[in-house]
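First up is the structure itself, then whatever we jot down about it.
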Amino acid sequence: MALTTRLRRRVAVWGMDLVNATSRVLRRGSGTVAGGHLALRIDPNLLRSLTEGADVALVSGTNGKTTTTALLTQALRTAREVATNDTGSNMTTGHVATAAHAAPNAVVVLEVDEAYLAKTAVWTTPRVVVLLNLSRDQLDRASEVRMVAEKWRTMCSTTTATVVANADDPLIVYAASAASSVVWVAAGSSWNLDAVGCPSCGGHIAFGDDGWACGHCAFRRPMPSVACRADDGDLEVALDGVLYRHPFSLPGAFNRGNAALALAAASILGAAPEQAIAALVEVKSVAGRYSHEVVDGRQVSLLLAKNPAGWSSLFEVVAGNGDPLVLSINARTADGADPSWLYDVPFEVLRGRTVVATGDRRHDLSVRLHYAEVDHAVDDDQRAAITRAATPGRPVTFIGNYTAFGALVAEVRG
Amino acid sequence: MIRIAVLYPDLLGTYGDGGNAQVLECRARWRGLEVAVAQVLAGDEVPDADLYLLGGGEDGPQARAADLLQRDRGLHRAVDRGATVFAVCAGYQILGHHFISSDGSATPGLGLLDVETVRTDERRAVGEVLAEVVARGWTAVPTLTGFENHGGRTRLGAGVEPLAHVEYGVGNGEDATEGAVAGNVVATYLHGPVLARNPGLADALLERVVGSPLAPLNDERIALLRDDRLALRP
């Protein structure tokens, strides 16, 4: 019996590697999905057996998954070997590819799609689960956020993991408070429209400077034990009563929150906070996000935002500078096919800026900007849009949603 | 003064529905008309207004919105005195006799439209829609474009007319109709938001409220979007 199980696992991994290598050679995607499908058909229990006995950390949420996974990985590498799915394949097919090639004592750090988190937690018995935030995203193909919060709550009520959770997002608190061990992190939130109705009693949640609370029941922001603060671009994190401070290059309050969550998780998994934070601040860009490229002779800062919460938090980042903006919107499968959500994004803050709309759905964006009363130009080509937006002496900021961003990164990096 | 009331944006505003109010507000203001938009949160009293908007939402919030509106009765009184109501998706279903709650059971609606939303074995209707307006008094509105995303199918009773005839997509679901109209109550499944994609429908609603034709606006940007979407035409 044991022999058959081991044999099945070996055949599954061998088949997966063969297919993945072939698809990488043929450049048909990141090279983990097709092989993973095959392997899971040969051995449906593959993820469970591959992670048995390993320390596993899972990272999920609507926004910041990839970045927080990268920050946690960097922080943990100061203390331990790490295997992680940094290709963007955040479903089971990607997870088995990562776990199959983890070194014997490595921590397996997995970015997990929101809809896959509950079953991934069952298969991998994680030591740590990091819960970032939940908000509306891709409503044409994803579950309603409250259904996700309910599933996460059920997962939390049975997991043996320590849950590292954002205390500033009521839907996250609703899910995580069912866990027996929680570390609350004040990671911030710039979007609360999906949490106005109390997930616990249906009452009205009021948000203030000192947190949030339901007006009808006892559901309120828990007292965080980890907090972060923005100060002149530095990252300042209070963890276990000690204040750590380092210069930090990733922009925005949301990335300081991601860093605080990553640091709390790394410390649970055995990293010394001082070394971990020093390593984590070395992350300058994540899969192209936050990178600075030269496109046709112009300096361009690349930012990715996929949904209203993501765009809102990026607008906080770009509000301070007057740099010209190229905004790119697609509505392919990975983006969600309905760009109605553009009307949940406060484009009004861009009045007076140089703005060029591009992407497959540039005309949807153009009409949104029209009603936001933002003057803008439209270009059907992303690179031409960058040239059109460019002003001498100023970098262009490019913000694209998922496939729009991916297309530009692929084009400029070749 | 045109008074627009957005009903329960915290429950029925999941699909960028706030955009419909913004489009109406801009198109009135750009013509020099005075306009005020009130955001009526769940639990607040439904105020007097000339035009009420209801948007899309998830199953739980939809049932709660129906319950609150049933108790408030303010929307019923508004319809009785001839106010204009424009409802989208979950908001459309709420106006009917029944709709389906998250557990699959039939939940009482407001009975302001003679329609009934039922569950069928068919797949959730998700995708682009093109539809020709057929309701009497509304046929000057050009082809509607929008995006639908709904599980239920809506049957029209004798007391309503279909808003439009579906050319592409599903709409109400059983008879190639889309939306419903009775008097000044207009409802549709289309997101987009639908008034951003269809300025003709936005202006027709404003003209109902104002009672006279409106001056044209520069809609070049919107024309390009419409060309893009109408290219789906089979």
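Checking each of B:Glu25, B:Arg221, B:Arg27 against A:Tyr371 for a side-chain contact (heavy atoms from CB on, under 4.5 Å) leaves exactly one that passes, namely B:Arg27.
B:Ala196 approaches A:Tyr343 most closely through the heavy-atom pair CB-OH, 3.2 Å. The two residues A:Glu144 and B:Asp59 come nearest to each other via the heavy atoms OE2-N, 3.6 Å. The two residues A:Glu373 and B:Cys26 make their nearest non-hydrogen contact at OE1-SG, 4.4 Å. Counting all heavy atoms, side chain and backbone alike, A:Val367 lies closest to B:Ile222 at CG2-CA, 3.7 Å.
Looking at B:Arg229, only its side chain comes within 4.5 Å of chain A, counting heavy atoms on both sides. At a 4.5 Å heavy-atom cutoff, B:Leu11 makes no contact with chain A through either its backbone or its side chain. Neither the backbone nor the side chain of B:Glu148 comes within less than 4.5 Å of any heavy atom of chain A. Using a 4.5 Å cut-off between heavy atoms, B:Asp227 makes no contact with chain A at all. With a 4.5 angstrom heavy-atom cutoff, A:His370 touches chain B via backbone and side-chain atoms both. Contacts of A:Arg361 with chain B are made by side-chain atoms alone, with heavy-atom separations under 4.5 Å and no backbone atom involved.
Remark: B:Thr14 OG1 to A:Asp194 CG distance equals 7.0 Å, nearest 0.5 Å. Summarising the geometry, atom NE2 belonging to A:His204 is positioned 6.0 Å from atom CG belonging to B:Asp10; distances are rounded to the nearest 0.5 Å. Here B:Arg197 contributes atom CZ and A:Ser340 contributes atom OG; the two are 6.5 Å apart, rounded to the nearest 0.5 Å. Of the inter-residue distances, the one linking B:Leu224 atom CG with A:Arg362 atom CZ reads 9.0 Å to the nearest 0.5 angstrom.
Put simply, the side chain of B:Glu58 reaches to within 4.5 Å of the side chain of A:Val145, judged on heavy atoms.
Within 6.0 Å of CZ on A:Arg220 lie no more than 12 heavy atoms contributed by other residues, nucleotides or ligands.
In the model, B:Tyr15 has no side-chain atom that pairs as donor or acceptor with a side-chain atom of A:Arg136 under 3.5 Å.
Chosen from A:Val196, A:Asp364, A:Leu342, A:Leu193, the residue pairing most often with chain B at heavy-atom distances under 4.5 Å is A:Asp364.
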